[in-house]
Amino acid sequence: MGGLPRTRSLRDVVLILLGATSMHLASVFMGFNEPTGSIIVKTEVSSHFVEDINNTVVAPPAEDRETSRERDVQKVLDPGKDTVDVSFQLPETTILSHAPGWTVFQNIYMANGTLYIVSSEPASSFPHTRMMTSTGLAAENTPENIAAREPTARDMDFLTPAEARRRWGGNSDKADRNRVWSVGGNTVLVNEPPQFLDHYYHFCAELMLGVWPFWLGTYNIQVDASAPSVEAAPHIDRMIFSHAEATGWRDRPGFNSYFLRAAFPSITVEVETDWKDRIAATATHGIPERAWHFDTLMLTDRSAAFRGESCGSRNQRIASEAVEHMEKRGTLSKWWWEPLRQAVLRFAGVDQETLEIGVKADAVAARKDGAEVDWAGSTSLSKPQPIVITYINRQGARRHLIDEDHQALVQALTAMCAAHSWELNIVQAEHLTHDEQLKLVARTTVLLGVHGNGLTHLIMMPVTPISTVIEIFYPEGYANDYKWTAHALGMKHFAIWNDTYHTYPDQLWPNYPEGFQGTQIPVYAPLIARIIQDRVAGRLP
Ligand SMILES: *[C@@H]1O[C@H](CO)[C@@H](O)[C@H](O)[C@H]1NC(C)=O
Ligand SMILES: *[C@@H]1O[C@H](CO)[C@@H](O)[C@H](O)[C@H]1NC(C)=O
Ligand SMILES: *[C@@H]1O[C@H](CO)[C@@H](O)[C@H](O)[C@H]1NC(C)=O
């Protein structure tokens, strides 16, 4: 949010194409259409994986390998247990957790740009490489591009311990050291081009909203709602953007770097040039070869996530694979997002009482006697939750409401809020600083606006039983971004088509009709006012 919307015609086209593919896949997958034979969707036995639409692309054997390699993470948390001197040993690779597009490895190696799994177990005992990685190319919906994103042995490969020793090992007779250098600590490797990364929604509400729950879930970190802390999880030491330069992971309004630094003040960032340095250092053009060893590495890959069923067929959100996997595994605690949300908001200057609106309202709602909740050391929730309505006004931006409908909406909201003594904010985000925007959204009960990046701020709203996101689309138009995100965080979402709305459990499919991006989006203000009043009164639970 902030800044005029950039002209992202390429991204929109790609989203439209991906949306169309996903919708087609979904309709085939859900059995709404008979497969025609030219488009083949293979579902693997009892697995979550859906093959890409072109079955001529590497078709691995049908078998669910996903969870078999997940190790007892408790072992990992034993201090000292896994500190191996790679000068003299090459510890074998294990996988701590894996979902399509999300994998946490221990002891993975990189040489000349290839990630190497070193194991005495066969490759078939690991997840398919295409569910972990890709060539990292930007996505287009052409058969050529889909094939070109399929990983090869250049991207990820397997070595037996003996092969690894032959390539990188020292001469043990002479007590030589291995030619392997360890990159210690915890690394997140983002194998994704700038195509989506340089966008607030895709970076914060998709990538980070997947990295964080996957990390917490891997180590089964249970968040303490009364004191949610980033420090309770193993430290994330660095992020490597192997296909994006310094500007490639930054959005124009500047929220991506703000968010990352606020949440992880001591994180180190490496970009494509740094990754190329690491590659060049190991590309020795002959014997002896060198390699990097990564202690613990989370690999995220957008294309691989889209090969999963949840992302590829249902949600089109890479984070959905990470979140659903950890939910199924039972290691994601209820307030998983709260540590990052509170860390970023505290950085923005939000006070403690405001930070706790969500967890306190939830605790009050959970108590039958309606008694106050008082965390140790903080103020009690003695007054009811303030009702704050925030309308993101996009009239100055490309995609926006019919002017008269915007005026009528402002009038209806103003009258409603005056009648109930609710706070109303009508904001053009580009006129507020980062801190101002976050301070506002930290108190917002209902966030409302035309489909657009401003709604990404929903990830900073307090999650209470009445928290609501209202997203206005051109009638019949739909995109899955904010609905999935709102639901993942426990908030209710309404998609508005002028005078009708859709909410869970209605299922809409992405659709970008003529007019979607235009300046003639209608909205019937009385409907919006009614939804807000019903939500606050608890009539639309
Ligand atoms: C599938 O991919 C192959 C090669 O990548 C290509 O020759 C073929 O035309 C594609 N088929 C379809 C249905 O897209
Ligand atoms: C390193 O990778 C490049 C391709 O990126 C390849 O051409 C080259 O032969 C490789 N070098 C070695 C030593 O394997
Ligand atoms: C929007 O809904 C209102 C109320 O039903 C209706 O009067 C108006 O014509 C609709 N606008 C469009 C563009 O459909």
Side-chain angles (χ1 to χ4, degrees), residues 90 108-118 129 133-137 148-160 163-169 178-181 189 191 193 240 242-244 272-293 301 391 394-395 399-413 415-416 448-451 470-478 494-503 508 511-534:
L90 297 177
I108 190 163
Y109 300 78
M110 188 275 270
N112 197 24
T114 306
L115 286 173
Y116 287 100
I117 291 173
V118 173
T129 54
T133 194
S134 74
T135 50
L137 292 174
R149 281 184 285 125
E150 287 291 334
T152 69
R154 284 269 332 131
D155 304 291
M156 185 181 277
D157 207 355
F158 296 83
L159 295 176
T160 64
E163 286 168 335
R165 268 193 306 277
R166 254 197 311 279
R167 291 176 76 144
W168 310 317
N178 295 327
R179 291 176 303 281
V180 175
W181 278 263
L189 175 60
N191 193 45
I240 301 180
S242 54
H243 293 284
E272 190 171 14
T273 301
D274 303 288
W275 188 245
K276 285 181 173 160
D277 285 347
R278 291 192 183 278
I279 292 174
T282 57
T284 48
H285 302 289
I287 308 298
E289 294 176 80
R290 274 192 291 260
W292 300 104
H293 157 265
D301 188 285
Y391 166 40
R394 281 185 60 98
Q395 293 311 101
R399 184 188 319 111
H400 66 239
L401 296 178
I402 298 169
D403 273 326
E404 298 78 64
D405 288 18
H406 161 74
Q407 312 271 339
L409 180 60
V410 169
Q411 274 175 17
L413 293 172
M416 176 186 72
L448 157 75
V450 168
H451 169 77
I470 300 178
E471 183 176 10
I472 303 166
F473 291 99
Y474 189 83
E476 311 294 325
Y478 185 67
F494 292 82
I496 307 295
W497 290 345
N498 187 31
D499 57 354
T500 57
Y501 72 82
H502 291 273
T503 191
L508 301 179
N511 187 29
Y512 302 83
E514 184 81 34
F516 186 93
Q517 307 287 12
T519 60
Q520 296 296 309
I521 300 174
V523 71
Y524 185 57
L527 172 70
I528 304 286
R530 202 187 82 218
I531 291 174
I532 295 174
Q533 293 177 79
D534 284 354

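Read the numbers this way: they start at 1 and go in the same order the structure lists the ligands and their atoms. As the structure is a prediction and not an experimental result, all values here were calculated from the model. Side chains are part of it too, since the values below use all heavy atoms of this structure and drop only hydrogens, waters and symmetry mates.
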### Query
Is the number of heavy atoms from other residues, nucleotides or ligands within 6.0 Å of CZ (F158) greater than 12?
yes
### Task
Using non-hydrogen atoms of the residue, decide whether R154 is closer than 4.0 angstrom to ligand 2.
yes
Check whether any side-chain heavy atom of [X] lies under 4.5 Å from a side-chain heavy atom of [Y], and answer yes or no.
{"X": "V118", "Y": "W168", "answer": "yes"}
{"X": "R394", "Y": "L401", "answer": "no"}
{"X": "L115", "Y": "N191", "answer": "no"}

Nitrogen or oxygen contacts under 3.5 Å, ligand 3 side and protein side:
unit_1	atom_1	unit_2	atom_2	d
ligand 3	2 (O)	N498	OD1	3.4
ligand 3	2 (O)	N498	ND2	2.4
ligand 3	2 (O)	D499	OD2	3.4
ligand 3	5 (O)	D499	OD2	2.5
ligand 3	11 (N)	N498	ND2	2.8
ligand 3	14 (O)	N498	ND2	3.3

### Task
Flag the pair E163 and R167 as a salt bridge only when some basic side-chain nitrogen lies within less than 4.0 angstrom of an acidic carboxylate oxygen.
no
### Task
Using side chain to side chain donor-acceptor pair (under 3.5 Å) as the criterion, list what pairs up with H451, not counting sequence neighbours.
E471
